[in-house]
Amino acid sequence: MSSLRVSASDVDALRYFLADDDAELANLLAQLRRETPPTEAMQVGSALHAALEVCEPGSHGELSANGYTFEFKADGEIDLPEIREIKATRDYEVDGCLVTLVGKVDAIHGRRVDDHKFTSRYDAERFLGSYQWRIYLDVFGADEFRWNIFEGRPDTSDPQRYVIYNVHKLAMHRYPGMDADVRRALQTFLDFARVHLPERIQ
Amino acid sequence: MALKITRAADPIKVDRLNMVIYGPPGIAKTSVAFTASAPLLLDFDQGSHRAANRKDVVRVSEWSDVASMTAEDLAPFKTIIVDTAGRALDALSVDIIRANPKHGRGGALTLQGFGELKARFSAFLKLLNSFGKNVVLVAHMDEQRSGDDVIERLDVQGGSKGEIYKAADAMGRIAIVNGQRWLRFSPTDAAFGKNPGQLDPLPIPAANSPEFTDFLAKVIQQTKDRLNELTEGQRAAQAAIAKFREMAGHAETVDHINAMMAAAKEGGETFKALLMKRAKELGFTFDKAAGKFVAPKAVQAADDWADTDTEAA
C-alpha cells in the first residue's frame, strides 16, 4: 500500500488555495514542498511558542525567546496545562493509501488541546473555518480545542520587539460526523498530491 | 498590563450557557428563542410582536434601557434573549459615541471605539452570566462567497462578531429543508456552528404543537448535560494522563520504556506521544522492524549493567 505523510497546515493550505480564485499553484507547491523560507510572521509565532512552552504560572509583563521580546499592553489571562509541545500521528486508510496525519499541539490537558497563535488581526472566522482544530481533535482523541490568540504588532522602535494588545480565548468542540469531514479533507489532499506532489507519496 | 498565566484546571459544572441562534430573516428565530426556559426578550430589533408565542419583552430603544439591569430585575427569568445581537451592538455603538465623541467618526466607531464596544459587550454578557442566566443571542445570517461556495455566518458588524464567537458556548443555525425547519449546531464547510452538546440536526416542531412550547429549553438542557458529562470524562482523562506521565518520567532504561508500550497503545495518541517524548529525552529510538525502542550501544551496555545490578540486589 502507498503512504503519504501530511500535516494539518498542509490540509488547510490546500483548502485556502482552492477557495481563493487569485491564489497561485506554484506558491502553494513551494509551500507544501517546504521550499519557502519562514516569513517574519512565522518566526515571531515560533518565538512566542518557545516563550510559552517554558512559561511558569504568574504575571508576565514581557516574554522573550529566540531573540524576540513580547510586551503585554493589555491584561489577559490564560490557563496553561503542564504538558506542552506534544506531537502525535494517526494513520488513516484513504482510497488505498495509508495517510499519516501529523499533529503538534502546544499544550494538552485531559481531553482539551491548546494551540497558541500570534496574529496581527484576530479573525475568528478564519480560525473556526480551519481544519486544524478538527484534525487535532481527531488525532489526539480530544473533545475540546482551544486557541490562545495573541493579537500584536511590531514595536516601531525595535524590530525584535512586539507589542501584544489583545489576548483572546476561542474554543471549539468535537461534533458528530467530524471524523468523516477529516477523512474527506484527506481524500481531497490525496487526490491533489497524486497529481501535483507525486514525490510525497511513497 | 500583563499576561496572567494560571495552571490549567478541570472545567466546573455548567449551570448556564451562552447560545447563538442565527438564520435568515423571517425563519422564526425569535419564536424559537421564546421556547427557552422562563425567557425575557430584550427587543433591540423591535420585531418581537411578530412572534406568535410572545412572552415577556423589554422593548429597547437605547442601550441605557438595559445597562442598569440588576439581578433583582431579572430574578423571575432563567433565560435572557438578546434579539438581535447585531442591533444590540448598534445601540451600544451609539451609546459609546454619545459618551465620548472621539470614539466615533461619521457615525461609525473608531478603532478605540471598537475596543470599547468589545469590552462593554463582553462585560454585559458576563454580568448576565453572573446572575446565573442562560443567554440566547439571536442573529441574522450573512452569506460570504469563498471560491464557488457560499458560507453562512453571523450578520454582525466588524470586530464585535469575533466577541460573539468567543462568548458562544453553542451556536446553531435555523434552515428550512423541504418545508421542515431544522436547528443545526455542527459546523460544516459552508456554515459556522458550535456543537459541544454533540447534537444531531434537530427538527423544529410545528409552532402549534405541544412539543414546540419548550423546544429550546430542552436543547439548552441537553447541551448542558452533555458538557457536564464531558467534564467528568475530562477529569478522568487528565488523571490518567498525569499518572502515565509521572510513570514515564520515572522510566530510565529502554526496558522500562518498552514495558510501558502496551499501556501507551491502550491509552491512545497522547499516551504514545508522552512515551515517545520520554524515550527521546533518554536518547532511545524506535526500531520499526523490531517493534520496540532501542538504546544507542553505549547506553544499552549501561542498561544491561544496571539490570544485572538490580537483579543482583
Side-chain angles (χ1 to χ4, degrees), chain A residues 15 18-21 52 55-61 63 71-83 85-90 103 107-112 114 122-125 127-129 139-144 150 164 166-178 181, chain B residues 1-11 115 118 144-149 151 153-154 159 161-166 169-171 185-189 192-201 226-227 230 233-242 245 267-270 272-274 276-277:
Chain A
R15 292 184 64 252
L18 295 173
D20 182 354
D21 292 338
L52 288 167
C55 206
E56 291 292 327
S59 200
H60 302 267
L63 291 174
E71 181 188 357
F72 289 89
K73 289 215 167 163
D75 286 323
E77 183 174 338
I78 58 171
D79 57 313
L80 269 185
E82 284 182 20
I83 300 174
E85 292 286 330
I86 290 285
K87 188 176 180 180
T89 60
R90 183 170 166 184
I108 191 160
H109 185 75
R111 290 187 187 159
R112 182 189 112 195
D114 289 12
Y122 164 58
D123 178 356
E125 290 180 347
F127 292 113
L128 300 184
V139 167
F140 286 89
D143 292 322
E144 181 186 355
F150 298 85
I164 305 291
N166 232 328
V167 180
H168 308 270
K169 283 190 287 192
L170 183 67
M172 285 297 271
H173 286 79
R174 171 182 292 279
Y175 59 90
M178 189 187 76
D181 285 349
Chain B
M1 301 289 180
L3 175 69
K4 187 179 174 191
I5 292 181
T6 57
R7 289 195 192 286
D10 292 332
K118 287 193 267 190
Q144 177 201 25
R145 281 192 61 79
S146 175
D148 292 334
D149 302 321
I151 297 177
R153 60 181 188 171
L154 306 186
K161 185 160 43 182
E163 296 305 300
I164 294 178
Y165 285 126
K166 276 192 322 194
D169 299 304
M171 180 164 60
F185 287 92
S186 288
T188 69
D189 289 354
F192 291 102
K194 283 192 180 189
N195 191 2
Q198 302 188 3
L199 304 173
D200 287 323
R226 178 64 188 152
L227 277 169
L230 291 178
Q234 160 71 5
R235 282 200 188 100
Q238 178 54 23
I241 288 172
R245 184 180 178 229
E269 297 306 320
T270 303
K272 285 197 259 180
L274 284 170
M276 179 64 84
K277 196 173 185 178

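Being a predicted model, the structure only gives us computed values, none of them experimental. Chain letters run A, B, ... following the sequence lines, proteins first and then strands; every chain starts at 1.
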Top residue by heavy-atom pair count (under 4.5 Å) with chain A, among B/Ala273, B/Pro187, B/Ala242?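 Most pairs with chain A among the choices: B/Pro187.
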
Count the heavy-atom pairs under 4.5 Å between each of B/Gly268, B/Pro196, B/Ala239, B/Gly197 and chain A, then report the option with the highest count. B/Pro196

Do you know the tightest heavy-atom contact between [X] and [Y]?
X	Y	result
B/Ala8	A/Asp79	CA-OD2, 3.5 Å
A/Gly129	B/Phe192	N-CE2, 3.8 Å
A/Gly110	B/Gln238	N-OE1, 2.5 Å

Please round to the nearest 0.5 Å and tell me the distance separating atom CG of A/Leu80 and atom CZ of B/Arg7. 10.0 Å

Spacing of A/Glu82 atom CD and B/Ile241 atom CD1 [to the nearest 0.5 Å]: 12.0 Å

Below 4.5 Å, heavy-atom pairs only: which of [options] has the largest tally toward chain B?
options	result
A/Cys55, A/Gly58, A/Ala142, A/Ala171	A/Gly58
A/Asp75, A/Val139, A/Ile83, A/Ile108	A/Asp75
A/Leu128, A/Leu52, A/Val167	A/Leu128
A/Arg174, A/His109, A/His168	A/His109
A/Gly76, A/Ala124, A/Ser59	A/Gly76

Do other residues, nucleotides or ligands put more than 12 heavy atoms under 6.0 Å from the NZ atom of B/Lys277?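 Yes, because the 6.0 Å sphere around NZ of B/Lys277 holds more than 12 heavy atoms from other groups.
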
Region of A/Arg112 that comes under 4.5 Å of a non-hydrogen atom in chain B: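 Both the backbone and the side chain of A/Arg112 come within 4.5 Å of chain B.
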
Side chain, backbone, both or neither: which part of A/Phe127 has a heavy atom under 4.5 Å from chain B? neither

Toward chain A, the part of [X] with a non-hydrogen atom under 4.5 Å:
X	value
B/Lys272	neither
B/Tyr165	both
B/Leu230	side chain
B/Arg245	side chain
B/Leu199	backbone

Might you work through the side chain to side chain contact (heavy atoms under 4.5 Å, CB included) test for B/Leu3 and A/Ile164, ending with a clear yes or no? CA-CA 9 Å; B/Leu3 175 69; A/Ile164 305 291; over 6 Å; no

Think B/Lys118 forms a cation-pi with A/Tyr122, using NZ or CZ under 6.0 Å from the six-ring centre and within 45 degrees of its axis?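 Judged by the rule (NZ or CZ under 6.0 Å from the ring centre, within 45° of its axis), B/Lys118 is not positioned above A/Tyr122.
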
Evaluate the side-chain proximity of A/Met172 to B/Lys194: yes if any heavy-atom separation is below 4.5 Å, no if none is. yes

Pairing of A/Glu125 and B/Lys161 as salt bridge, 4.0 angstrom limit: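 A salt bridge is present here (some side-chain N lies under 4.0 Å from a carboxylate O).
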
Keeping the roles fixed (side chain from B/Gln234, backbone from A/Arg111), state whether a donor-acceptor pair exists under 3.5 Å.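 Indeed, once roles are kept as given, a pair shorter than 3.5 Å links the two residues.
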
